[in-house]
Each structure stands twice: as C-alpha cells, then as structure tokens.
Trainee: 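Quick one: the structure is below, and I'll ask about it shortly.
To find a chain, count down the sequence lines: A is the first, B the second, and so on, and within it residues start at 1.
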There are 2 protein chains.
Amino acid sequence: MTNSCAEKNLCKRDAKKEEKRAAIVAIAQQHFTEHGFGGTTMSAIAADLGGSKTTLWSYFSSKEDLFAAALDDWIDIFEPVRNIRYEGDLRETLVSYCCDFLNQMLTPQVETMFRLVIAEAKRFPELGQIFYEQAPLRRHKALSAFLQQEMDSGRLRQYDSVRMSSQLHHLCLYRLFMHSIWGLEPDTSPAQIRLEAENVVDLFLNGYAAA
Amino acid sequence: MTNSCAEKNLCKRDAKKEEKRAAIVAIAQQHFTEHGFGGTTMSAIAADLGGSKTTLWSYFSSKEDLFAAALDDWIDIFEPVRNIRYEGDLRETLVSYCCDFLNQMLTPQVETMFRLVIAEAKRFPELGQIFYEQAPLRRHKALSAFLQQEMDSGRLRQYDSVRMSSQLHHLCLYRLFMHSIWGLEPDTSPAQIRLEAENVVDLFLNGYAAA
DNA sequence: AGAAGATCGTACTGGAGAGTACGATGACCA
DNA sequence: TGGTCATCGTACTCTCCAGTACGATCTTCT
C-alpha cells in the first residue's frame with residue numbers, strides 16, 4: 001500500500017497535471033502558429049496561461065520541448081480520412097472525396113501547420129519526416145488502396161495506384177493551396193471548391209478510367 | 001565641373017561601392033538560406049565579409065533592409081523560362097519542358113528560397129505576393145500562352161489555358177518537390193525526372209489532346 | 001598635396017527573452 | 001494533522017544580438 005493513487009490510477013493530482021499540461025500545449029499551439037517559433041516567447045505563454053514561469057518550466061524543460069509537444073499533439077487535426085467507398089458513381093465518389101480533401105487542406109489550422117513545419121524543418125530535422133508520415137503518407141495509402149480496388153473492379157485501368165493517388169492529391173492542391181501558402185486569398189467558396197474538384201477528377205478520369 | 005564622376009559615370013569609388021554591396025548581398029543570401037531570418041546574425045555576416053559592422057550598417061540600415069535586398073536580388077535565379085516552342089512533337093516538347101521545370105525546381109537554391117519565403121511570409125507580408133508574381137505567375141503566363149497557341153493550331157482541345165498551365169505545373173511538382181520541401185530525399189536522377197515528366201505529360205494529354 | 005569619403009577594429013549600449021532562485025501560499029494525500 | 005507537492009509571483013542572471021560611437025587608417029578624387 002505504498003501508493004493508493006496507483007491503484008485508483010486517478011489521483012486528483014495527476015488528473016490536474018494532465019489538464020494543466022493540455023492547457024499549456026493548447027496555448028503554445030496558438031502562440032507558435034501566430035508568431036512562429038522565433039516569434040513566440042515563453043513569458044507570453046506563461047502570461048496567457050495565467051500561471052507563473054516556474055510552473056511552465058516544470059512541465060517543459062525548454063522551448064524546444066514545448067514546441068515538440070505542441071506539434072505532436074497537433075498532428076491529430078489530420079483526422080482519419082473519411083472512408084472512401086464506391087457509391088454507384090466513380091466520378092461523384094472522387095469529386096466528393098476531393099472536395100473533402102480540399103476543404104481540409106484549406107483550413108487555417110492546416111495551412112498554418114504547413115507553414116510552421118516548413119519554416120522550422122531546419123531547426124528540427126525529424127519534423128518534416130514525422131509530419132510527412134502522419135499526413136500525406138496516410139492519405140496516399142488510403143486513396144491508393146481505394147484506387148486499387150477500383151482497378152480490380154474494372155472501373156479503372158490497371159496502373160500504379162500509388163502514383164495515381166499522389167497525382168490526384170496534387171492536382172487538388174493546384175492553385176488554391178499554393179495561393180494560401182503564399183498569403184494570397186483564393187476563393188474558397190463551396191461552389192469554387194466543387195468546381196476545382198470536378199475539374200481535377202475529369203482530368204484524372206480521362207487518363208485513368210477503363211476504356 | 002562640379003563632379004567629374006557624374007560625367008564618366010564610373011568613379012572608382014562608386015564602382016567599388018557597387019561591388020561591395022553585391023558582396024554583402026551574396027554573403028547575406030548564404031546566411032539567410034542556411035539559418036533563416038531569425039538564425040542569421042548581422043555580426044556573423046560582417047565577420048564573413050571580413051569588414052566591420054560599421055561598414056555593413058553604412059550599406060543597409062537594418063537587418064530587414066538587408067533581407068529585402070538579398071531577396072530582391074535573388075529572385076533572378078528564376079531565370080527566364082526557356083522558350084517553349086512546338087518542335088514537331090507536342091508530347092516531346094512538353095516532356096522536355098517539364099524536365100527543365102523539374103530540374104529548376106529541385107535546385108537547392110530554389111528549394112531554400114521557397115522555404116525562406118514561406119517561413120517569413122508572416123514577418124514580411126508583401127513577400128509572398130512579390131514572390132508569387134516573380135516566379136509561378138510568370139511561368140504560368142508563358143506556358144498558358146504556349147498552350148493557347150497549340151489550341152489554335154488544333155493540337156489541343158479548346159479549354160481554359162491558364163487552368164491547364166497550373167495543372168501541368170502542379171502535376172510536375174507532385175512527389176519530388178513536396179518531398180524535398182519536407183526534407184526527404186527524393187530520387188532526382190535524370191532518368192527519374194524524365195520518368196516523372198513523361199508520366200505527367202501523358203496524363204495531361206489524355207485529358208487535353210485534340211480528339 | 002590635401003580634402004573628402006570609405007573602411008576598419010574594438011568596445012560599448014540597450015533591449016529582449018530564456019531560464020533560475022526562492023520564499024510564500026495553497027491543494028492534496030495518508 | 002502534518003507532510004508533500006504544485007503553484008505562484010517576483011526579481012534575478014546570463015546570453016545573444018541589433019545597432020552605435022569613435023578614433024585610426026587607407027583610398028580616391030581634384
């Protein structure tokens with residue numbers, strides 16, 4: 001009976017610590033995205049937190065630490081890609097998928113995260129790779145599995161499904177995403193997104209639909 | 001005879017100043033790309049220059065100033081796109097263009113510049129836009145003019161040439177460039193580039209070649 | 001030659017921000 | 001109830017770096 005907390009596995013203390021940690025990370029995310037790594041100050045985070053610097057450092061032993069934690073937690077915004085399933089019309093299925101994809105990519109959070117990762121990839125060398133594996137790679141796997149399935153069903157020509165998946169994704173990014181990365185302000189109305197998606201899918205199917 | 005320099009328009013003094021300025025900018029570019037804006041120190045630049053800080057500040061009154069100058073000068077690495085001209089085979093013409101494009105985009109300088117611009121777009125708001133106008137926009141204009149021409153010659157379907165141009169460019173960027181932005185190391189051998197380019201052009205022409 | 005200007009080196013100021021020290025207060029646990 | 005642990009606030013140190021001051025030297029123009 002050295003530690004009754006361990007038994008319950010839910011000391012009030014530990015719970016509060018978890019909560020606080022989460023609060024810190026949330027505030028840190030906000031600061032990092034708004035000002036980048038260099039522009040963010042620990043003091044400001046502490047102030048925003050309402051707590052003291054001492055507390056902050058008791059959770060994270062350095063700014064880098066906190067940044068890593070913020071990013072790690074953050075990758076969850078790439079929620080599992082909606083399941084793609086053939087629904088009677090391949091074109092419509094793909095268009096709908098592309099719309100979802102575009103909508104997600106054009107989210108301010110995703111945009112900001114891209115910016116941040118790219119900016120700090122030098123300072124945190126593994127960052128790019130982790131990020132790549134979490135986001136685009138997962139997507140590519142999911143989409144290419146779907147495409148393979150469609151090939152097997154005879155609705156698409158047999159081809160390199162991984163390559164096709166990348167191509168479709170990149171076609172989606174065309175224009176809108178690059179603009180938003182460069183601080184321009186593209187039209188992101190649902191109608192415009194739909195238009196982009198249809199355009200992309202048409203080009204794609206022209207190339208890969210079964211004869 | 002108030003100033004004989006003005007007449008010759010080539011005082012040794014002025015010439016040297018130009019030279020020095022260029023030297024500073026060159027060194028600054030190197031530092032900014034290697035360490036980003038935040039990671040670059042004026043002192044280090046001065047040291048690398050061999051001169052003193054005083055001199056440095058006599059040319060550029062602040063770090064921001066120097067950064068702007070460095071970038072301004074730098075945009076020239078986007079050398080005028082090779083003229084695209086139909087040469088008897090549309091597919092081959094486009095493949096060759098795409099190879100050139102990819103080779104340019106995968107240059108370390110271009111990659112670094114992208115990184116820098118994206119990273120500092122918040123600090124220097126006009127940066128993104130200037131950059132966009134200098135690089136991708138010029139390209140798009142050139143390529144879409146060519147595509148329009150090809151439509152008029154009947155080798156391509158009539159369509160929105162600007163959109164087509166963006167699509168072709170973005171298809172090229174697929175995989176290779178994104179990888180290099182994320183710090184992965186894609187295969188950039190000529191053979192691989194050629195393969196990518198052919199693949200892209202085939203998809204493109206499937207969609208847009210005249211029937 | 002002599003004035004004007006550019007460069008140099010070095011030492012300084014001033015500000016910002018990461019991280020620490022420490023004593024006090026309160027929350028939780030046994 | 002008494003001990004442990006988290007938190008708090010404040011004030012501090014340390015380091016880094018942009019930008020300045022200044023007197024000495026070297027170059028170029030007239």
Trainee: Ignoring hydrogens and angles, are the base of C:dA21 and the side chain of A:Thr54 linked by a donor-acceptor pair under 3.5 Å?
Mentor: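 Present.
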Trainee: More than 12 foreign heavy atoms under 6.0 Å from CZ of A:Arg91: is that the case here?
Mentor: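 Check passes, neighbour count above 12.
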Trainee: Closer than 4.0 angstrom, basic N to acidic O: yes or no for A:Glu133 and A:Lys141?
Mentor: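 Not counted as a salt bridge, because no side-chain N and carboxylate O are separated by less than 4.0 Å.
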Trainee: Within this structure, what is the CZ-to-C1' distance between B:Phe67 and D:dG19, rounded to whole angstrom?
Mentor: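 Going from B:Phe67 (CZ) to D:dG19 (C1'), I get 19 Å.
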Trainee: Give the nucleotide from the list C:dT20, C:dA6, C:dC8 with an atom nearest to the side chain of B:Lys17.
Mentor: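 Nucleotide nearest to B:Lys17's side chain: C:dA6.
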Trainee: Name the nucleic acid region contacted by A:Ser61, choosing base, sugar-phosphate or nothing; use a 4.0 angstrom heavy-atom cut-off, strictly under.
Mentor: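 Nothing: the residue A:Ser61, judged by heavy atoms under 4.0 Å, touches no strand.
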Trainee: Which part of the nucleic acid, if any, lies within reach of A:Gly50 when heavy atoms closer than 4.0 Å are counted: base, sugar-phosphate only, or nothing?
Mentor: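 The answer is sugar-phosphate, as A:Gly50 gets under 4.0 Å only of primed atoms, P, OP1 or OP2.
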Trainee: What does B:Tyr59 touch in the nucleic acid at a heavy-atom separation under 4.0 angstrom: a base, only the sugar-phosphate, or nothing?
Mentor: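 Here B:Tyr59 touches the backbone only, sparing every base.
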Trainee: What's the CZ-C1' distance between A:Arg21 and D:dA6, to the nearest Å?
Mentor: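 Rounded to the whole Å, the gap is 16 Å.
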Trainee: Of the options D:dA6, C:dG17, D:dT27, whose atoms approach the side-chain atoms of A:Thr41 most closely?
Mentor: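 Nearest nucleotide to the side chain: C:dG17.
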Trainee: When we call it a touch if two heavy atoms are under 4.0 Å apart, what does B:Gly39 touch: a base, just sugar-phosphate, or nothing?
Mentor: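 Nothing: the residue B:Gly39, judged by heavy atoms under 4.0 Å, touches no strand.
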Trainee: With the threshold set at 4.0 Å, does a side-chain nitrogen-carboxylate oxygen contact exist between A:Arg115 and A:Glu34?
Mentor: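 Not counted as a salt bridge, because no side-chain N and carboxylate O are separated by less than 4.0 Å.
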Trainee: Starting at atom CG of A:Asp14, determine the distance to atom P of C:dA27, rounded to an integer number of angstrom.
Mentor: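 Atom CG in A:Asp14 sits about 18 Å away from atom P in C:dA27.
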Trainee: How long is the line joining CE of B:Met42 and P of D:dT20, in whole Å?
Mentor: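 Result: 10 Å.
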Trainee: Less than 4.5 Å apart, any side-chain heavy atom of B:Leu168 and any of B:Tyr208?
Mentor: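 Side chain of B:Leu168 against side chain of B:Tyr208, heavy atoms only: no contact under 4.5 Å found.
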Trainee: Side chain of B:Lys20, heavy atoms from C-beta onward: which of D:dC17, C:dA18, C:dC8 has the nearest atom to it?
Mentor: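 Closest nucleotide among those given: C:dC8.
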Trainee: Taking atom C1' of D:dC17 as reference, at what distance in whole Å does atom CD1 of B:Ile45 sit?
Mentor: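 These atoms are roughly 12 Å apart.
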Trainee: Counting only side-chain N and O atoms of A:Thr55, is one of them less than 4.0 Å from OP1 or OP2 of D:dC8?
Mentor: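 Checking D:dC8 against A:Thr55, a side-chain N or O does come within under 4.0 Å of OP1 or OP2.
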Trainee: Expressed as a whole number of angstroms, how long is the span from A:Lys63:NZ to C:dG17:P?
Mentor: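 Going from A:Lys63 (NZ) to C:dG17 (P), I get 9 Å.
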Trainee: Quick one: which of D:dT7, D:dT27, C:dT7 gets closest to the side chain of A:Ser58?
Mentor: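 That would be D:dT7.
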Trainee: To the nearest Å, give me how far apart CD1 (A:Ile24) and C1' (D:dT7) are.
Mentor: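 Computing the A:Ile24:CD1 to D:dT7:C1' distance gives 11 Å.
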Trainee: Measure CD/B:Glu64 against P/D:dA18 and give the value in whole Å, please.
Mentor: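 So the CD-P distance, B:Glu64 to D:dA18, works out to 10 Å.
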Trainee: When we call it a touch if two heavy atoms are under 4.0 Å apart, what does A:Lys53 touch: a base, just sugar-phosphate, or nothing?
Mentor: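 A:Lys53: base contact, heavy atoms under 4.0 Å.
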Trainee: If you assign each of B:Trp57 and B:Lys16 to its closest nucleotide in DNA chain D, which residue comes earlier from the 5' end?
Mentor: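 Its nearest nucleotide lies further toward 5', so the answer is B:Trp57.
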Trainee: Show the nearest heavy-atom pair for residues A:Val201 and A:Cys98, with the distance to one decimal.
Mentor: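 Answer, listing the atom of A:Val201 first, then A:Cys98: CG2-SG, 3.9 Å.
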